[in-house]
Amino acid sequence: MSANLSAFLYLVAGVLFILSLRGLSSPASSRQGNLFGMIGMAIAVATTLANHPPADGLAWVLVIVGITIGAAIGAVIARRVPMTSMPELVAAFHSLVGMAAVLVAAGAFYAPEAFDIGTPGNIHPQSLVEMSLGVAIGALTFTGSVIAFLKLSARMSGAPIILPFRHGINIALALALVFFIVRLVLTGGAFDFWMIVILALALGVLMIIPIGGADMPVVISMLNSYSGWAAAGIGFTLGNSALIITGALVGSSGAILSYIMCHAMNRSFISVILGGFGGETAAAGGGTGEQKPAKLGSADDAAFIMKNASKVIIVPGYGMAVAQAQHALREMADILKKEGVEVKYAIHPVAGRMPGHMNVLLAEANVPYDEVFELEDINSEFAQADIAFVIGANDVTNPAAEEDKTSPIYGMPVLQVWKAGTVMFIKRSLASGYAGIDNPLFYRDNTMMLLGDAKKVTENIVKAM
Amino acid sequence: MEHAAQVVDPFIFRLSIFVLAVFVGYFVVWSVTPALHTPLMSVTNAISSVIVVGALLAGGVANVSSGSGWARAFGFVALIFACINIFGGFLVTQRMLAMYKKKSK
């Protein structure tokens, strides 16, 4: 196959990847988009194998065995993973992209002739710059994603870990990283290459451990972005346009998602990166009414009131995901709809632990996507709703964000559930949410608290109906 | 006046592709509906694993020196990781997208 033809085919693959993202503009076109992505990947792999076939029989065996193992593991994971675990699965996938970038760069470093970037010990300086950037970002993505995975899957506490002098340590590591990148470009030594890997691995850990659980939607988007930039760096080394295009797409995708998440929390990107938010000690401000009485209701009361309502807006949050309450919730909505009640769902951009988390869970429970609305589209409707049914959400409904200038979340866009006739809160307890802030809504006259596990309470309501 | 034919460094071509693709990504991703942000993340995971082309090059290199032996080993592991991501990413996205349904009736 000629070099021109293969370059053209890589371009076709890149365009198919663009179309796969384009398809996600609506659920109807998304399935076709995913198919385009698969075709693009098949073209890229076939082109590489045709243009640079494995050198001998053993190499063919390695390639086929490698693909088979990876495909088998990937397919099993994709089939078995529960939808509530998507955030940690995505974090784990990010870490694999990061590690693959490091390993490919290491391969290019030890066998540069296969990548047309020079001879061993004498690699073009420009390729070394591209390679070292890809390696550094890849290694950082790897350990950062591993920490994010451990925090999201609760194998590690979600509370921020604050080391003394952490900013000083990070700056020192970053400077050392730059030093070894420069030295690698000048000398091309293997020692410098591996020092870059080690320093970037350490930096990835230190960057993510001080970030608390509530900021995970930002972290996971940010690591998404990094994995893209790492791929683009390797794409420059290989001179492969499919890889460069994809890296740029993924990099900007993650950056935009991080921006959306930060915006939805009214936080600056820098303050998220610096970390420390979402700890147990952050309860300062806002909490004035600890002793105020809250009105507690029973499942029977809730069932009776909702059946007699004409419009109910359901606000799901992370608590629904933890309790796996989405199926019981949809059953409840079905009964209400049969009674002639209008049911809608309202989703805050940072509900859950990753962008779009709630939408996937509702879709899994067969909730039609045209009943699910984003914050800007539904906020004006709470005033006409008889009931706002808040299940497992807290901070995203806190009126302090609009009314109390001293609150840490002041200015954050929130769902105005308090405008509805009655607000029902399903919560485990009256404790504050992830951000550690008291929610004054719990103590208002038109609020009814339904304490207990989200799934059990919802099931009891369904029975009472 | 005659100019000697000037050759543009291929790096400039790659940089052009990269910069334009960042802009394409910017506009395409803003048009993604927020309801599909989770599938967006899983599919970007899958496509960024096109880094598999690098793994294929490294894993299939001619075994002539100790350096190429190492390259094969790194390439083999990278190939497994990338393929987990490709198959896992596309299939889990497909599974998710199949769940998004419109109101029946």
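Letters go in sequence order (proteins before strands), and every chain restarts at 1.
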Region of A/Leu24 that comes under 4.5 Å of a non-hydrogen atom in chain B: both
Closest approach of B/Met41 and A/Pro355, non-hydrogen atoms and distance? SD-CD, 3.8 Å
How many angstroms lie between CZ in B/Arg95 and CD in A/Glu364, if you round to the nearest 0.5 Å? 7.0 Å
Among B/Leu40, B/Thr93, B/Leu36, B/Val43, which one satisfies side chain to side chain contact (heavy atoms under 4.5 Å, CB included) with A/Ser30? B/Leu36
Using non-hydrogen atoms and a 4.5 Å limit, figure out which bit of A/Asn240 sits close to chain B: side chain, backbone, both or neither. side chain
Side chain B/Arg72, main chain A/Leu62, donor-acceptor under 3.5 Å: no
Measure across A/Ala111 and B/Ser68 and return the closest heavy-atom pair with its distance rounded to 0.1 Å. CB-CA, 4.3 Å
Is chain B contacted by the side chain of A/Ile220, its backbone, both, or neither, given a heavy-atom distance below 4.5 Å? both
Under the side-chain contact (heavy atoms from CB on, under 4.5 Å) rule, what do B/Val52 and A/Val45 come out as? Steps first, then yes or no, please. CA-CA 7 Å; B/Val52 73; A/Val45 170; 3.7 Å; yes
So for A/Leu21, is it side chain, backbone, both, or neither that comes closer than 4.5 Å to the heavy atoms of chain B? both
Chain A interface, residue from B/Thr38, B/Leu20, B/Val29 that has the most non-hydrogen pairs under 4.5 Å: B/Thr38
Shortest non-hydrogen contact between B/Ala55 and A/Val104, atoms and distance: N-CG2, 3.6 Å
Applying side-chain contact (heavy atoms from CB on, under 4.5 Å) to B/Asn45 and A/Val90, what does each step give before you reach the verdict? CA-CA 8 Å; B/Asn45 250 318; A/Val90 166; 3.7 Å; yes
Contacting moiety of B/Pro10, where chain A heavy atoms sit under 4.5 Å: neither
Say whether, by atom type as modelled, one donor and one acceptor occur between the side chain of B/Thr44 and the main chain of A/Val250 under 3.5 angstrom. no
Interatomic spacing from CG in A/Asn359 to CE in B/Met99 - rounded to 0.5 Å: 10.5 Å
Please flag which part of A/Tyr259 lies under 4.5 Å from any non-hydrogen atom of chain B: side chain, backbone, both or neither. side chain
Drop me the distance from A/Ile69's CD1 to B/Leu79's CG, to the nearest 0.5 angstrom. 9.0 Å
What are the two closest non-hydrogen atoms of A/Ala114 and B/Val61, and how far apart are they? CB-CG2, 3.4 Å
Given the options A/Met99, A/Arg22, A/Gln126, which has more heavy-atom pairs under 4.5 Å with chain B than any of the others? A/Gln126
Does any backbone or side-chain atom of B/Ala62 lie under 4.5 Å from a heavy atom of chain A? Answer side chain, backbone, both or neither. both
Toward chain B, the part of A/Thr237 with a non-hydrogen atom under 4.5 Å: neither
Heavy-atom pair of closest approach, residues B/Tyr100 and A/Pro27: CB-CB, 4.1 Å
Let me know if A/Thr246 has heavy atoms under 4.5 Å from chain B in its side chain, its backbone, both or neither. side chain
If one checks every heavy atom of B/Ile86 against chain A at 4.5 Å, the contacting part turns out to be side chain
Calculate, to the nearest 0.5 Å, the distance between atoms NE2 and CD1 belonging to B/His37 and A/Ile256 respectively. 8.5 Å
B/Phe11 meets the ring pair (Phe, Tyr, Trp, His ring centres under 6.0 Å) criterion, sequence neighbours left out, with A/Phe236
Does B/Arg14, at its CZ atom, have more than 12 non-hydrogen atoms belonging to other residues, nucleotides or ligands within less than 6.0 Å? yes
For A/Ser253, which residues count as a side chain to side chain donor-acceptor pair (under 3.5 Å) partner, sequence neighbours excluded? none
Contact origin within A/Val81 toward chain B - heavy atom pairs under 4.5 Å: both
Taking the six-membered ring for Trp, are A/Trp229 and B/Phe18 parallel (under 30°), tilted (30 to 60°) or perpendicular (over 60°)? perpendicular
Please report the interatomic distance CZ(A/Phe17) to OG(B/Ser48), rounded to the nearest 0.5 Å. 9.5 Å
In terms of heavy-atom pairs under 4.5 Å with chain A, the winner among B/Val28, B/Leu97, B/Val22, B/Leu56 is B/Leu97
Under 4.5 Å from a heavy atom of chain B, the part of A/Leu362 involved: neither
Most contacts with chain A, counted as non-hydrogen pairs under 4.5 angstrom, among B/Ala98, B/Cys83, B/Gly25, B/Ala46: B/Cys83
Quick check on the interface: out of A/Val372, A/Ile77, A/Ile260, who has the most heavy-atom pairs with chain B under 4.5 Å? A/Ile260
Do the side chain of A/Asp370 and the main chain of B/Lys102 share a donor and acceptor less than 3.5 angstrom apart? no
Under 4.5 Å from any heavy atom of chain B, what part of A/Leu243 do you find: side chain, backbone, both or neither? both
Using a cut-off of under 4.5 Å on heavy-atom pairs, state which of A/Leu249, A/Val65, A/Leu96 scores highest against chain B. A/Leu96
Report which part of A/Glu374 has an atom under 4.5 Å of a heavy atom belonging to chain B: side chain, backbone, both, or neither. side chain
Pair count under 4.5 Å, heavy atoms only, with chain A: among B/Phe74, B/Phe81, B/Phe87, highest is B/Phe74
Answer key: most heavy-atom pairs under 4.5 Å with chain B among A/Met358, A/Met83, A/His52 is A/Met83
Side chain, backbone, both or neither: which part of A/Tyr10 has a non-hydrogen atom closer than 4.5 Å to chain B? side chain
Relative to chain B, which segment of A/Val63 carries a heavy atom at a distance below 4.5 Å: side chain, backbone, both, or neither? both
Nearest heavy-atom neighbours spanning A/Ile245 and B/Ala21: CA-CB, 3.9 Å
Of the listed residues (A/Ser26, A/Ala44, A/Pro54, A/Ser25), which shares the most heavy-atom pairs with chain B below a 4.5 Å separation? A/Ser25
Do other residues, nucleotides or ligands put more than 12 heavy atoms under 6.0 Å from the CZ atom of A/Phe373? yes
Which one of A/Ala106, A/Ala231, A/Ala365 has the most heavy-atom pairs closer than 4.5 Å to chain B? A/Ala106
Mind ranking B/Ile80, B/Val19, B/Val24, B/Leu15 by heavy-atom pairs under 4.5 Å with chain A and telling me who comes out on top? B/Ile80
The interface call for A/Met86 against chain B, heavy-atom contacts under 4.5 Å, is side chain
Among B/Ile47, B/Thr33, B/Val77, B/Asp9, who wins on heavy-atom pairs under 4.5 Å with chain A? B/Ile47
Give, for atom CG of B/Leu91 and atom CE of A/Met38, the distance between the pair rounded to the nearest 0.5 Å. 5.5 Å
